[in-house]
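Notes follow once the structure below has been shown.
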Amino acid sequence: MHTVTTVEAVETLIGKPPQLILLKAVDTLDDGCRNVLAHSPIAGVGFRDGTGAAHTTLVGGRPGFARAETAAHLSFSIPADEPHPAQGTGLSMLFLVPGIGETLRLNGSASDVSAGRVTVALDEAWVHCARCVLRSGLWKEPPANAAPPRIGAVEGPLADPAVAEFLSRTPFLLMSSRDADGHGDTSPKGDPAGFVHILDGHTLAIPDRRGNKRADTFRNLMACDEVSLAALVPGRDDVLHLSGTARVIDDPALLSAMALKDKPPHAATVVHVDRTQITPNEAVRLSGVWDRSAHADRPRAFDMMSVAAQHLAHNKGHGASASMARVLSKGLAASPRIARRAMDAAYRKELKDEGY
């Protein structure tokens, strides 16, 4: 399988991120970020522990579990029996609000870890588009159980029937990676259940479909191949944790096996898995994320599009693109309902074009 090995090759494969996408990132916890924190009961978090081992897990349990301590610091508690980040290491988070497609992503470092609480020094925050969550159907009623894949008489952590069964039902996972300087990122991956392909007892493949072209995971893999993952199954309170090394593949034969209506993804992440573990997760259990009646009744106190508009309005960039972003943000703020409908229509069209 052909491996993509340079950032230039990644950009040739998927394109460069539009300037508008980069201008959405902010370096402070503004009112929009704080509003998301107040409504989010759960977040994925990626980090390295004191031994240098990489972890991705879910934290939280109730809305407001993460609190803004300053304009550039937030904190959250982590159970005593969970791995803890090493102080000073890169740490990344993705906040989910049940029923809402967009997510809030934060990258920074663990500036303090004590008394079961982690304080994060923020580097950047931005609103991630809803396509990943929509592809996964995360907040919808899950389909009937899929049959676990047959991987033959092989050995390795993925040959465990419980792991294979979990992955066959997984529509959504989080993948954490880091760059050469240790700066972390936790990215969502979502598709219909069973989208993770088990190739053998140690190897799985994850399709990468059209996105915002930031390609944080791919860029990190060009410098550091270590990854950790956390997979979710709607309705279950346990989480499948995996860790290993990964590479970016653009092999046509592999991609065609992941096609939707004859439309293959533009690339795949192939992971050599060293470790798997299925564990109960307190944050998933307490957060009520799978209670769909609660999602329907949840008051829509904010729209993530409005948060993104606020971020664009306060971008510190210079030049024509930055000025245009500020003008655009005013339009979004002035007509939030129209902006929401337009964005939802764009999501539907893009997903239809991809074969969903």
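It should be emphasised that the depicted structure is a prediction, and the values quoted were computed from it without experimental measurement. Reckoned from all heavy atoms, side chains included, excluding hydrogens, waters and symmetry mates.
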Test side-chain hydrogen bond (donor to acceptor under 3.5 Å, both in side chains) applied to S176 and T186, step by step: CA-CA 4 Å; S176 300; T186 295; 2.8 Å; yes

Charged N to carboxylate O below 4.0 Å: is that the case for [X] and [Y]?
X    : Y    : result
E226 : R48  : no
E69  : R34  : no
D208 : K189 : yes
R62  : E282 : no
E8   : K16  : no

For the atom pair [atom1] ([X]) and [atom2] ([Y]), what is the distance rounded to the nearest 0.5 Å?
X    : Y    : atom1 : atom2 : result
D353 : K261 : CG    : NZ    : 11.0 Å
M93  : S40  : CE    : OG    : 8.0 Å
L240 : N281 : CG    : CG    : 12.0 Å
R247 : D225 : CZ    : CG    : 10.5 Å
L232 : R169 : CG    : CZ    : 12.0 Å
S187 : F218 : OG    : CZ    : 9.5 Å

Is any side-chain heavy atom of [X] less than 4.5 Å from a side-chain heavy atom of [Y]?
X    : Y    : value
I42  : F95  : no
F76  : T119 : no
S111 : H73  : yes
L254 : V270 : yes
L74  : L29  : yes
T57  : E82  : yes
R236 : R285 : no
L204 : V273 : yes

Any chain of hydrophobic side-chain contacts (each under 4.5 Å) joining [X] to [Y]?
X    : Y    : result
L255 : L221 : no
V7   : V4   : yes
V45  : L286 : no
M258 : I249 : yes
I198 : I278 : yes

For atom [atom1] of [X], decide whether the heavy atoms of other residues, nucleotides or ligands shown that lie under 6.0 angstrom number more than 12.
X    : atom1 : value
D31  : CG    : no
D81  : CG    : yes
K263 : NZ    : yes

Closest non-hydrogen atoms of W126 and A25, given as atom of the first, atom of the second and distance, are CB-CA, 3.9 Å

For a quick check under 3.5 Å, do T279 and H241 share a side-chain donor-acceptor pair by atom type? yes

Contacts of R105 meeting salt bridge (Lys or Arg N to Asp or Glu O under 4.0 Å) (sequence neighbours excluded), chain-then-number -> D185, D216

The salt bridge (Lys or Arg N to Asp or Glu O under 4.0 Å) partners of R131 (sequence neighbours excluded) come to E350

Are the side chain of [X] and the backbone of [Y] linked by a donor-acceptor contact shorter than 3.5 Å?
X    : Y    : result
T170 : F172 : no
D30  : G32  : yes
Q87  : D112 : no
Y356 : R135 : no

- Given salt bridge (Lys or Arg N to Asp or Glu O under 4.0 Å), test D191 with R209 step by step and report yes or no. CA-CA 9 Å; D191 240 341; R209 306 193 192 274; 2.7 Å; yes

Review point. Going through the checks in order, is the side-chain hydrogen bond (donor to acceptor under 3.5 Å, both in side chains) test met by T51 and D49?
Key: CA-CA 5 Å; T51 70; D49 66 19; 2.6 Å; yes

Sequence neighbours excluded, the answer for side chain to side chain donor-acceptor pair (under 3.5 Å) partners of D344 is R340

The side chain to side chain donor-acceptor pair (under 3.5 Å) partner of T56 among S177, S228, S92 is S228

Set out, in order, the CA-CA distance, both residues' side-chain angles and the distance that settles side-chain hydrogen bond (donor to acceptor under 3.5 Å, both in side chains) for D200 and T203, then state yes or no. CA-CA 5 Å; D200 59 44; T203 313; 2.9 Å; yes

May I have the step-by-step check of side-chain hydrogen bond (donor to acceptor under 3.5 Å, both in side chains) for D250 and H2, ending in yes or no? CA-CA 6 Å; D250 62 355; H2 181 258; 2.7 Å; yes

